[in-house]
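These numbers were taken from a predicted model, which means no experiment stands behind them. This chain uses plain numbering: 1 for the first residue, then up along the sequence.
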Amino acid sequence: MIIQILGGVAALVAAMAGAVAIRSKYDASDPYKVKLGDTWLPTFERSEIPFEHQHDNKTTLPFMAGAVIDIEGDGRECVFLGGGRSQQDGLFRFNGTAFVAVEAHGIDKADGVATMGANVLDTDGNGLDDLILLRTDGIWLYKNQGGRFVGEKLDAAMPDDTIPLGVTVADLNGNGHFDMFVSGYIRSDLVEGQSIFNKPGYGGTSQLFLNNGDNTFTNATKSSGLELTHNTFVAVFIDVDDSGRHDLIVAHDTGHVRTWRNLGDGQFEPVKNPNSETYAYPMGIAVGDYDGDGKVDFFFSNVGSTPPNFMIRGDLRDDQESNWKWLLFKNQGDFKFTDEAVATKLADYEFGWGAVFADFNLNGREDLVVSENFVNLPPHKVPALRLPCRLLIQTENGEFAAVGKEAGVVNRRFSIAPLVADFNGNGRPDIVHVNLAGRSVAFLSKPGRGTSLKVRLPNTVAFSGAKVMVTDDTGKTQSKWLVHGEGMSSECSPILIFGLAENKAVRVEVQRVGGSVESFDGPFEGGMLDLKSTLR
């Protein structure tokens with residue numbers, strides 16, 4: 001009888017595994033097949049980055065840092081990649097032909113420590129980008145001394161059971177120094193499962209650290225109303241409702257998207273959103289004005305169509321509603337959102353991680369790039385069953401078309417986050433997929449239709465969350481934000497790229513959070529409007 005039972009269980013497990021494999025085989029197909037029509041197709045060429053992340057799945061959470069950083073202050077941006085426990089971090093520059101390692105950079109770490117997340121900020125206002133690194137041993141600040149970095153561990157301790165994964169920065173207390181909300185996840189040795197929704201007290205605890213003015217910090221998590229024990233992937237500070245204050249958007253694993261309104265007195269209050277009443281696995285956050293109405297919108301990746309429902313409902317009760325689809329929060333104003341993922345043909349894709357909005361074809365509409373593949377998902381251990389990582393171009397009717405194969409952007413490695421910057425200097429966004437347990441890879445944009453204007457602000461905390469508005473000679477105005485922490489455990493370029501189609505930019509306005517609007521009149525003939533030294 002026991003043998004019969006065990007045999008039956010084995011058969012059931014095999015059948016379940018087979019079902020998952022069959023599901024995965026067809027998972028990478030396009031669920032919508034949206035036609036581009038007259039929408040321009042950007043194209044890219046592949047460039048391998050000589051850094052193969054060494055992930056220790058037994059001792060480390062399946063995440064790694066990636067960031068774009070200008071180490072010399074000259075506008076030439078490099079790629080920073082966090083190392084696993086048995087390797088150093090890497091820094092790479094595109095030399096016009098390939099990505100090559102930058103040597104003797106000073107960003108070193110102890111053996112047995114993994115770098116999980118990164119943020120880039122000019123913390124001391126000297127015009128050089130510094131690095132905030134989140135590691136398994138704590139939070140580190142690496143000051144840029146002219147291309148070489150000197151590091152110090154910050155006195156901003158996470159709870160003993162929590163690993164820092166991501167950080168977003170803003171000046172919340174008005175003292176001119178960077179404050180941090182650090183997304184925390186439970187230590188790998190304490191993980192009890194990947195689908196725990198209801199167990200009280202389970203998970204890591206994110207922290208809000210207020211800078212005392214000297215890069216020492218006061219923990220304000222509890223006093224601000226943000227104390228919550230729940231595994232968290234990523235968060236961003238951004239002024240959602242044009243109140244002049246940094247609000248907070250948070251993606252919680254096995255939970256909800258949480259939208260926190262900054263009340264202006266050191267307090268945050270939770271505000272309901274389309275995901276508040278349903279359970280999901282919101283992971284990456286993309287920030288941008290996808291519909292061109294001047295208000296900031298948010299995309300959230302999710303587990304999507306990849307895992308069967310029986311694998312991911314975990315301890316959810318029958319009365320608890322779930323939603324595994326991708327989410328797109330349209331900002332209706334006054335801190336109200338609607339989920340437009342179905343209407344824009346984004347909802348029904350697969351397992352996603354980090355995500356970034358950018359205008360890849362320079363036609364003035366935000367497109368989307370999403371990282372995919374999970375190193376701990378059995379079907380994804382088979383290369384043929386892995387996902388392509390999605391490049392989605394927004395068409396003229398506001399729908400998103402999957403064009404990765406046609407554009408030359410297919411990455412079947414384990415991407416944690418996409419990085420976006422103009423590495424080859426042609427005025428068009430390039431993509432780097434930060435790959436876990438494998439080599440990272442860049443996709444460099446080829447020449448194509450359309451022109452652009454790049455806008456460079458000081459990368460200081462005074463401009464964290466700043467809104468930049470560019471008006472072209474047809475009267476159309478686009479809005480982008482200098483936001484820290486978009487994606488997942490990562491940081492994209494602070495240089496904002498505005499696609500102008502075949503028009504010219506005639507006016508640029510910069511609105512700081514809680515500050516005045518500064519205007520610059522053109523016309524601008526493309527290239528870059530460098531306000532790094534003009535604005536303070």
Side-chain angles (χ1 to χ4, degrees), residues 44-69 71 77-95 97-118 131 133-137 142 149 163 165 188 351 353-354 369-389 404 408-421 423 430-444 487-492:
F44 299 79
E45 60 182 352
R46 187 183 186 97
S47 179
E48 297 280 334
I49 298 176
F51 183 86
E52 185 161 341
H53 182 85
Q54 298 169 19
H55 172 59
D56 183 351
N57 203 38
K58 294 181 179 179
T59 64
T60 312
L61 294 169
F63 305 98
M64 65 175 288
V68 177
I69 181 169
I71 63 174
E77 294 179 304
C78 299
V79 176
F80 169 85
L81 296 170
R85 289 185 180 272
S86 60
Q87 66 181 147
Q88 290 294 318
D89 301 330
L91 190 63
F92 304 89
R93 172 183 283 123
F94 184 67
N95 65 5
T97 303
F99 283 87
V100 296
V102 177
E103 304 294 346
H105 47 64
I107 310 170
D108 52 4
K109 63 181 179 67
D111 189 41
V113 173
T115 303
M116 310 300 286
L131 266 172
L133 297 181
L134 311 178
R135 289 178 171 153
T136 51
D137 68 344
Y142 282 80
F149 294 80
I163 296 295
L165 286 190
S188 59
F351 190 109
W353 289 114
V369 57
V370 183
S371 290
E372 296 182 324
N373 295 312
F374 184 18
V375 71
N376 289 333
L377 191 66
H380 288 177
K381 297 182 183 299
V382 181
L385 298 181
R386 293 180 196 157
L387 306 169
C389 294
V409 182
V410 174
N411 177 67
R412 295 189 183 276
R413 299 170 186 171
F414 298 104
S415 181
I416 295 300
L419 305 178
V420 173
F423 295 108
D430 306 317
I431 301 167
V432 168
H433 274 296
V434 178
N435 288 326
L436 185 77
R439 180 173 287 196
S440 292
V441 62
F443 297 90
L444 301 173
M488 175 179 280
S489 304
S490 61
E491 185 85 326
C492 291

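In this view, Asp430 satisfies the salt bridge (Lys or Arg N to Asp or Glu O under 4.0 Å) rule with no residue, not counting sequence neighbours. For Glu48, the side-chain hydrogen bond (donor to acceptor under 3.5 Å, both in side chains) criterion is met by Arg46, Arg413, not counting sequence neighbours. His55 pairs by the side-chain hydrogen bond (donor to acceptor under 3.5 Å, both in side chains) definition with Asn57, not counting sequence neighbours. The salt bridge (Lys or Arg N to Asp or Glu O under 4.0 Å) test applied to Arg412 returns no partner, not counting sequence neighbours. Listed by chain and residue number, Phe80, Ala118, Val120, Glu491 satisfy the side chain to side chain contact (heavy atoms under 4.5 Å, CB included) test with Ala67 (two or more places apart in sequence, or in another chain). Arg85 pairs by the side-chain hydrogen bond (donor to acceptor under 3.5 Å, both in side chains) definition with Thr59, Thr60, not counting sequence neighbours. With sequence neighbours excluded, the residues forming a side chain to side chain contact (heavy atoms under 4.5 Å, CB included) with Ala101 are Phe92, Glu103, listed by chain and number. Phe99 is linked by a ring pair (Phe, Tyr, Trp, His ring centres under 6.0 Å) to Phe94, Phe423, counting only residues two or more places apart in sequence or in another chain. Considering only residues two or more places apart in sequence or on other chains, Ser86 meets the side-chain hydrogen bond (donor to acceptor under 3.5 Å, both in side chains) condition with Gln54.
Asp108 CG to Tyr142 OH: the interatomic distance, rounded to the nearest 0.5 Å, is 5.0 Å. Interatomic distance, CD of Gln88 versus CG of Asp111, reported as 8.0 Å (0.5 Å rounding).
Of the possible donor and acceptor atoms, none in the side chain of His433 sits under 3.5 Å from a partner among the backbone N and O of Ser371. Judged by distance alone, with hydrogens and angles left aside, the side-chain atoms of Ser490 form no donor-acceptor pair with the main-chain N or O of Gly66 at under 3.5 Å.
Ile107 approaches Asp89 most closely through the heavy-atom pair CG2-OD2, 3.9 Å. Heavy-atom minimum distance, Cys492 versus Val420: SG-N, 3.4 Å. For the residue pair Asn373 and His380, the shortest heavy atom distance occurs at CA-ND1, 3.5 Å. Between Pro418 and Ile431, the shortest heavy-atom contact is CB-CG2, 4.5 Å. The two residues Lys381 and Val375 come nearest to each other via the heavy atoms NZ-O, 3.0 Å. The two atoms that bring Leu61 and Met116 nearest to each other are O-CE, 3.5 Å, heavy atoms only.
Taking the side chain as every heavy atom from C-beta outward, Leu91 and Ile69 approach each other to under 4.5 Å. When side chains are defined from C-beta on, Ile71 counts as touching Arg93, because their heavy atoms get closer than 4.5 Å. Contact annotation: the side chain of Gln87 approaches that of His53 to within less than 4.5 Å [non-hydrogen atoms, C-beta and beyond].
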Scan the side chains in residues 435-442 for donor-acceptor partners under 3.5 Å anywhere in the protein, sequence neighbours excluded, and list what turns up.
unit_1, atom_1, unit_2, atom_2, d
Asn435, OD1, Asn411, ND2, 3.0
Asn435, OD1, Ser415, N, 3.4
Asn435, ND2, Asn411, OD1, 3.1
Asn435, ND2, Arg439, O, 2.9
Ser440, OG, Asn435, N, 3.0

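Less than 6.0 angstrom separates the ring centroid of Phe63 from the ring centroid of Trp353.
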